[in-house]
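Let me begin by presenting the structure, written as structure tokens, before commenting on it.
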Amino acid sequence: MNIHEYQSKAVLKGYGVNVPEGGVAFTVDEAVKQAQALGADVTVIKAQIHAGGRGKAGGVKLARNLDEVRQYAEELLGKVLVTHQTGPEGKKVGRLLIEAGSNIQKEYYLSFAVDRKTARTVMMGSEEGGMEIEKVAAEMPDKIFKEYIDPAIGLAPFQATRMAYKMNFPKETIGKVTKLMMNLYRAFLMKDCSLAEINPLVVTREMDVIALDAKLNFDDSGLFRHPDIVSLRDESEEDPKELRAGASGLSYVNLGGNVACMVNGAGLAMATVDILKHYGGEPANFLDVGGDSTPEKIAEAFQIMLDGGQAKGIFVNIFGGINKCDVIAEGIVGAAKIISQDGKSLPVPVVVRLEGTNVERGRQILKDTPIANVIPAETMEGGAEEIVRLVNQA
């Protein structure tokens, strides 16, 4: 789960991380009122969307008086902002962060993330702040420093101090930087974050250390412990299909292609996406229906995949273990009857590959179905090749 920058800063402020003074505005008048209350020489107006690269896309403005605040707020609110992370469709700006400008001397990068290889939290820092960290990693890998954190001990003060020196912070700020790192780690740990990123972390000419930007991502599995974080969710920033799937107990991720796939099990789902690509297809989604594939649940999965006309075909790839193949086949046929407009056919071809318990019975049910466009496949490879062929010739 992601939240907006202003929300991330509010969370971090609660853990003692130094952030600029400011607040959120949903209207132009609120933006002007916020700026007036700040009384700063320079006011920063920042579009709030769940995507990076806002500055390059014109989503960050510097205003030197209230008239400019009003002008920029009018420009940004309601604007569709297109960045390298939003894709060409962009995202509509519905709220702004209004905050006091900072007298920046130097920008840095700082983050905490989960390293899957070591099964530890890693702190990453770089003196090349303000840039995309992927670009720094590609062009200047020696500028990225890492500290791996023992989960039994946590971030040790000496690690934070060592990182601060490696990042070449001015000596007079080392104490402040170390304290900020310790506080950021505490927020990362206590809020079950998967990522806590500050880019840029700045040193001002007054030698203050400020988190000028902030991004927090949260582990969905830990959200039940944090109703305060759940309350920050902005569903308008999320894919409607993913929201609908989540409400139905389905794991769905939109991948943008035209060959939808429905699978049980995350590993099989990833393999299915790979094999569709192998045969020249473009996967529309990752969809894991889990172990309880009832007709109603499968029907809901079909409707989600078909919504909006993105999918031109569906590949159902199921391994029947706990769920028997004949039960799954009956569920698919039942779902097809539910969503077919005339009770006889589906709007797109559906290729079904079954394997596992009672597979022969399941395949026979599919062969005997009166619903057109339901095509059984003997193998995963054959099914993938067939659905790609059908979609490409449509």
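On a predicted model such as this, the values are computed, not experimentally measured, just so you know. The basis for the numbers below is simple: all heavy atoms, side chains too, and nothing from hydrogens, waters or symmetry mates.
Every residue was checked against the salt bridge (charged side-chain N to carboxylate O under 4.0 Å, His left out) condition with Glu68, not counting sequence neighbours, and none meets it. Applying the ring-ring contact (aromatic ring centres under 6.0 Å, His included) test to Tyr108 and every residue at least two apart in sequence or in another chain returns Phe169.
Atom CZ of Arg116 has 12 or fewer neighbouring heavy atoms from other residues, nucleotides or ligands inside a 6.0 Å radius. Other residues, nucleotides and ligands contribute only 12 or fewer heavy atoms inside 6.0 Å of the NZ atom of Lys13. Under a cut-off of 6.0 angstrom, the local environment of CZ in Arg361 is sparse, with at most 12 non-hydrogen atoms contributed by other residues, nucleotides or ligands. Heavy atoms of other residues, nucleotides or ligands lying less than 6.0 angstrom from CE of Met190 number 12 at most. Counting non-hydrogen atoms of neighbouring residues, nucleotides and ligands closer than 6.0 angstrom, the NZ atom of Lys176 exceeds 12 such neighbours. Residue Lys166 qualifies as enclosed at atom NZ: its count of foreign heavy atoms under 6.0 Å is above 12. Other residues, nucleotides and ligands contribute at most 12 non-hydrogen atoms within 6.0 Å of the CG atom of Asp41. Residue Glu21 qualifies as open at atom CD: its count of foreign heavy atoms under 6.0 Å is 12 or below.
With hydrogens and angles left out, the side-chain atoms of Glu75 and Gln71 include a donor and acceptor closer than 3.5 Å. Side-chain atoms of Asn168 and Glu127 include a donor-acceptor pair closer than 3.5 Å. Using a 3.5 Å distance cut-off with no hydrogens or angles, the side chains of Ser8 and Tyr6 do not pair a donor with an acceptor. Looking at Ser231 and Asp228, their side chains never bring a donor and an acceptor atom within 3.5 Å of each other. With no hydrogens or angles considered, a side-chain donor-acceptor pair links Gln364 and Asp368 at under 3.5 Å. Of the N and O atoms on the side chains of Asn254 and Gln310, at least one donor lies less than 3.5 Å from an acceptor on the other residue.
Annotation: side chain of Met305 is in contact with side chain of Asn285 (closest heavy-atom distance under 4.5 Å). Within the 4.5 Å cutoff, the side chain of Leu212 has no heavy atoms near those of the Val44 side chain. Using a 4.5 Å heavy-atom threshold, the side chains of Asp192 and Arg225 count as touching. Taking the side chain as every heavy atom from C-beta outward, His4 and Arg95 approach each other to under 4.5 Å. Side-chain contact check for Leu306 versus Pro347: some heavy-atom pair is nearer than 4.5 Å. Side-chain contact between Val352 and Val374: present, with at least one pair of heavy atoms (C-beta onward) separated by less than 4.5 Å. With a 4.5 Å cut-off on side-chain heavy atoms, Asn199 and Ile133 do not count as touching. Counting only heavy atoms from C-beta outward, the side chains of Val136 and Ser126 approach each other to under 4.5 Å.
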Residues Asp234, Ser236; criterion side-chain hydrogen bond (donor to acceptor under 3.5 Å, both in side chains); working and verdict: CA-CA 5 Å; Asp234 181 4; Ser236 69; 2.6 Å; yes
Steps toward side-chain hydrogen bond (donor to acceptor under 3.5 Å, both in side chains) verdict (Thr204, Asn103): CA-CA 5 Å; Thr204 68; Asn103 193 10; over 6 Å; no
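The pair Arg54-Asp213 counts as a salt bridge, with a side-chain nitrogen and a carboxylate oxygen less than 4.0 angstrom apart. Ion pairing between a basic and an acidic side chain is recognised when a charged N comes within 4.0 Å of a carboxylate O; Lys9 and Glu5 show such pairing. Ion pair Arg120/Glu147 not flagged as a salt bridge, since none of the NZ, NE, NH1 or NH2 atoms sits closer than 4.0 Å to an Asp/Glu carboxylate oxygen. With respect to Glu386 and Arg389, a salt bridge is recorded, a charged nitrogen being found less than 4.0 Å from a carboxylate O. Ion pairing between Asp29 and Arg70 holds under the 4.0 Å rule for side-chain N and carboxylate O. Ion pairing of Lys277 with Glu282 is present here, as a side-chain N (NZ or NE/NH1/NH2) and a carboxylate O approach within less than 4.0 Å. Using a 4.0 Å cut-off between a side-chain N of Lys or Arg and a carboxylate O of Asp or Glu, Arg233 and Glu238 qualify as a salt bridge.
Shortest non-hydrogen contact noted between Val203 and Met207 is CG1-CE, 4.0 Å. Of all non-hydrogen atoms in Leu77 and Val28, the two that sit nearest each other are CD1-N, 3.6 Å. Leu12 approaches Ala214 most closely through the heavy-atom pair CD1-CB, 3.8 Å.
Within the structure, the ring-ring contact (aromatic ring centres under 6.0 Å, His included) test picks out no pair touching residues 214-273 (sequence neighbours left out).
Using a distance-only test at 3.5 Å, with no hydrogens or angles considered, a donor-acceptor pair links the side chain of Lys241 to the main chain of Asp307.
In this structure, the separation between NE2 on His50 and CD on Gln85 is 12.0 Å, given to the nearest 0.5 Å.
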